Amino acid sequence: MIKKEISIDLLAAQFPEINDLGLLSELKRYSEVIYATENKIIIEYGDQVTHVPMVISGTIKVSRQDENEHELFLYYLSSGDSCAASFSCCMVAKRSEISAVAEEDSILLMVPLKYANEWMEKYPIWRNFIFNMYEQRMYSLIDTIDRLAFTKLDEQLIEYLDLKSEAIKSSLIETTHQEIADDLNVTREAISRLLKKLEQSGKLKLGRNKIYLNN
DNA sequence: ACATTAATTGTGT
DNA sequence: ACACAATTAATGT
């Protein structure tokens, strides 16, 4: 990683929310500028968290490790974002629960936790900035959870249909969406919508009380 | 054949 | 998740 200087003007341009000369000059003074090339690992799972990253340009992919080795995508950080989660790590003084990798060539401002903390009291504008980041991250996490829950149900449903089809030795399953929903402990609407998608992708055909599987 | 009704499925917020 | 619309199958006349 190559380190370079960064101008206050550029900082102000990327983070209009923290337009305070005192804060900006402290930022410039105490934080490190990092040029991360594509696929550069910025924080690895288990690393000690020492800085709050602020993204000046580029995109950072934040993910969590599966029990195995599989990566679970959480969210992207792009220009003007910050990873406020770093704060929770520093308050509990623990190690990173996530890993962050540069998705493309990126420029980051790494703010030492010590200062990031002090500024919470010193600069209300900074505190607001951090709180806003928390809120944004929260929303993107909720989206991610939705996506996950949806994917799992998708697979569950296909497995359910395959099992049933095999059990009755027929590709014609006679049941209602409600019955399936009860079996899988989800709402009927979720099943209806999934089935329709599966129909559109050609995996099956729907009729009232009927599902024709295309093997 | 047609109207009525209940059950199932679809959609928007 | 909920409320409501639309569609479909069944039933009675």
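No experiment lies behind these values; they were computed from the predicted model shown. Lettering of chains follows the sequences in order, A, B, ..., and the numbering in each one begins at 1.
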> Atom NZ of K197(A) to atom P of dG10(B): distance rounded to whole Å?
Replying inline: 14 Å

> Starting at CD of E189(A) and ending at C1' of dA3(C), how long is that distance when rounded to a whole Å?
Replying inline: 9 Å

>> Rounded to whole Å, how long is the line connecting atom CD1 of I191(A) with atom C1' of dG10(B)?
In response: 14 Å

List, one per line, each side-chain donor-acceptor pair under 3.5 Å for residues 152-159 of chain A, sequence neighbours excluded.
none

> Is any side-chain heavy atom of I42(A) closer than 4.5 Å to a side-chain heavy atom of I34(A)?
Replying inline: no

> Tell me, for nucleotides 4-9 of chain B in 5' to 3' order, what letter each nucleotide earns: B for a base near a protein heavy atom under 4.0 Å, S for only sugar-phosphate near one, - for neither?
Replying inline: ---BSB

> Just by distance, with hydrogens left out, do Q14(A) and S79(A) show a side-chain donor and acceptor under 3.5 Å apart?
Replying inline: yes

> Looking only at side chains, do D183(A) and Y160(A) share a donor and an acceptor under 3.5 Å apart?
Replying inline: yes

> Short question: side chain of D81(A), backbone of S78(A) - any donor-acceptor pair under 3.5 Å?
Replying inline: yes

